[in-house]
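Working notes for the structure below.
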2 protein chains.
Amino acid sequence: MTMNGPKTEKAQSDGPAAALGTPSKERLRMWLRMLKSTRRVEAQLRENLRTEFNSTLPRFDVMAALSRYSDGLKMSALSGVLKVSNGNVTGIVDRLVDEGLVVRVQVPGDRRASLVRLTRKGEEVFAAQALAHEAWIDELLGSFTPEEARMVSDHFDMMRDDDEEEGQ
Amino acid sequence: MTMNGPKTEKAQSDGPAAALGTPSKERLRMWLRMLKSTRRVEAQLRENLRTEFNSTLPRFDVMAALSRYSDGLKMSALSGVLKVSNGNVTGIVDRLVDEGLVVRVQVPGDRRASLVRLTRKGEEVFAAQALAHEAWIDELLGSFTPEEARMVSDHFDMMRDDDEEEGQ
DNA sequence: CAAATATATTTCAAGCTCAAACCTTTTTTG
DNA sequence: CAAAAAAGGTTTGAGCTTGAAATATATTTG
């Protein structure tokens, strides 16, 4: 396969010990690397969820959020926690409801709102997925020692100016 | 807003100095942090591309890839470089063609294949976007010093076992 | 050279994603 | 209290994404 290389001289892909470029270039470099790594892990997670659980990452994210709030979440709170658009969650929850993994419970005093909650089945399914998920991550990020992982975690922690929780 | 907290006791979100959990937990923690950070930056990039260039991240990615291969790329090579599915690229390129930013050039000896290339206009548009893109990244990741950025880059570099290039 | 196989690309169905428009149902306020 | 504003959700339209199936063209092989 005659694949001709990039036209730009690759002036900065010269290994860990190379001289630093401008701050802006170094940050760009970092961004491209972290984007690539994240996408790779995400792609593998999607693949695993699909083949082993016939599910998707968005579904997993929704269930993970619900599993942390056993009292249920309103749709708006759910989209707030996940930081995705309001209308987005509607469709995902619809499908989870179809599969009996979550329910919408009417809120007593408010005829607009409903609380979304995991069903018993939903809890069981998610528990299995969460277990597998942690193992997948452990494998995919196995090249990081716990200490390195902590270091990187802390670096990223620095850049959250406003936000709050999120996690499994 | 009566937002009740997570039900699980947050046993490990106790700041940078906290004791390390199991390796698997540390890696999971790192994954969740890097996923959140990546999504935040991505969301802002999407927003900026939309409002300032009436474009999208996938379009930008395609144009960035093409800008590095001035001789053009075959569709399959393009999806290979971007690591997205084959059929995916078709639609994105279609729209870029509609807007006159790229062209499909027939490959002489092969009536199946075509080379995709940036047009003159495409090159100009991309140049402006790339400039803005680097500035956005510089701002979004401004909390990292160049040295830290390099350190994180190198950490992620470690975990690419097989792959090759990618970048702006 | 014809059948089989491989390559290049598009089409398709299902699902995710967003912003904007649109209902309803509260809540606020004049 | 009635009009206006706010809050909770869904719908809609456009685009992105994937894996699988479908097309068409090239190459290999018996």
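Remember, predicted model here, so these are calculated numbers, not experimental data. Lettering follows sequence order; numbering is per chain, from 1.
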Donor-acceptor contacts, no H, no angles, side chain residues 88-102 of chain A, under 3.5 Å, sequence neighbours left out:
| residue | atom | partner | partner atom | Å |
| --- | --- | --- | --- | --- |
| A:Asp94 | OD1 | A:Arg104 | NH2 | 2.1 |
| A:Arg95 | NH1 | A:Gly91 | O | 3.3 |
| A:Glu99 | OE2 | A:Arg59 | NH2 | 2.5 |

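- Annotation: side-chain contact (heavy atoms from CB on, under 4.5 Å) contacts of A:Asn86 (sequence neighbours excluded): A:Ser79.
- For the contact set between residues 43-59 of chain A and DNA chain C, defined by any heavy atom under 4.0 Å, the members are A:Thr56, A:Pro58, A:Arg59.
- Shown here are the side-chain contact (heavy atoms from CB on, under 4.5 Å) partners of A:Ser37, two or more places apart in sequence or in another chain: B:Met34, B:Phe156, B:Met159.
- Connectivity analysis of hydrophobic side chains (ILVMFWY, heavy atoms under 4.5 Å, direct or indirect) links A:Met151 to B:Met151.
- Nearest to the side chain of B:Ala113, among D:dG8, D:dA26, C:dT9, sits C:dT9.
- For A:Glu42, the side-chain contact (heavy atoms from CB on, under 4.5 Å) partners at least two apart in sequence or on another chain are A:Thr38, A:Arg46, A:Leu57, B:Trp31, B:Leu35, B:Arg39.
- In this structure, A:Ser85 does not reach the C:dT17 phosphate: none of its side-chain N or O atoms is under 4.0 Å from OP1 or OP2.
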Side chains of residues 47-55 of chain A: which donor-acceptor partners sit under 3.5 Å, not counting sequence neighbours?
| residue | atom | partner | partner atom | Å |
| --- | --- | --- | --- | --- |
| A:Asn48 | OD1 | A:Gln44 | NE2 | 3.1 |
| A:Thr51 | OG1 | A:Glu47 | O | 3.1 |

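- Contacts between residues 88-106 of chain A and DNA chain D, defined by a heavy-atom separation under 4.0 Å, are made by A:Thr90, A:Arg104.
- Listed by chain and number, the residues in a salt bridge (charged side-chain N to carboxylate O under 4.0 Å, His left out) with A:Arg111 amount to none (sequence neighbours excluded).
- Partners of B:Glu139 under the side-chain contact (heavy atoms from CB on, under 4.5 Å) rule, at least two apart in sequence or in another chain, do not exist in this structure.
- A salt bridge is absent between A:Arg27 and B:Glu134: the closest approach of a Lys/Arg side-chain nitrogen to an acidic carboxylate oxygen does not fall below 4.0 angstrom.
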Could you pull out the protein-nucleic contacts involving nucleotides 5-7 of chain D (nitrogen or oxygen on both sides, under 3.5 Å)?
| residue | atom | partner | partner atom | Å |
| --- | --- | --- | --- | --- |
| D:dA7 | N3 | A:Arg112 | NH1 | 2.8 |

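- By the side-chain hydrogen bond (donor to acceptor under 3.5 Å, both in side chains) test, B:Ser114 is found to be paired with no residue, residues two or more places apart in sequence or in another chain being considered.
- Residues A:Gly87 and A:Gly109 each lie close to DNA chain C; by heavy-atom proximity, the contact nearer the 5' end of the strand is made by A:Gly87.
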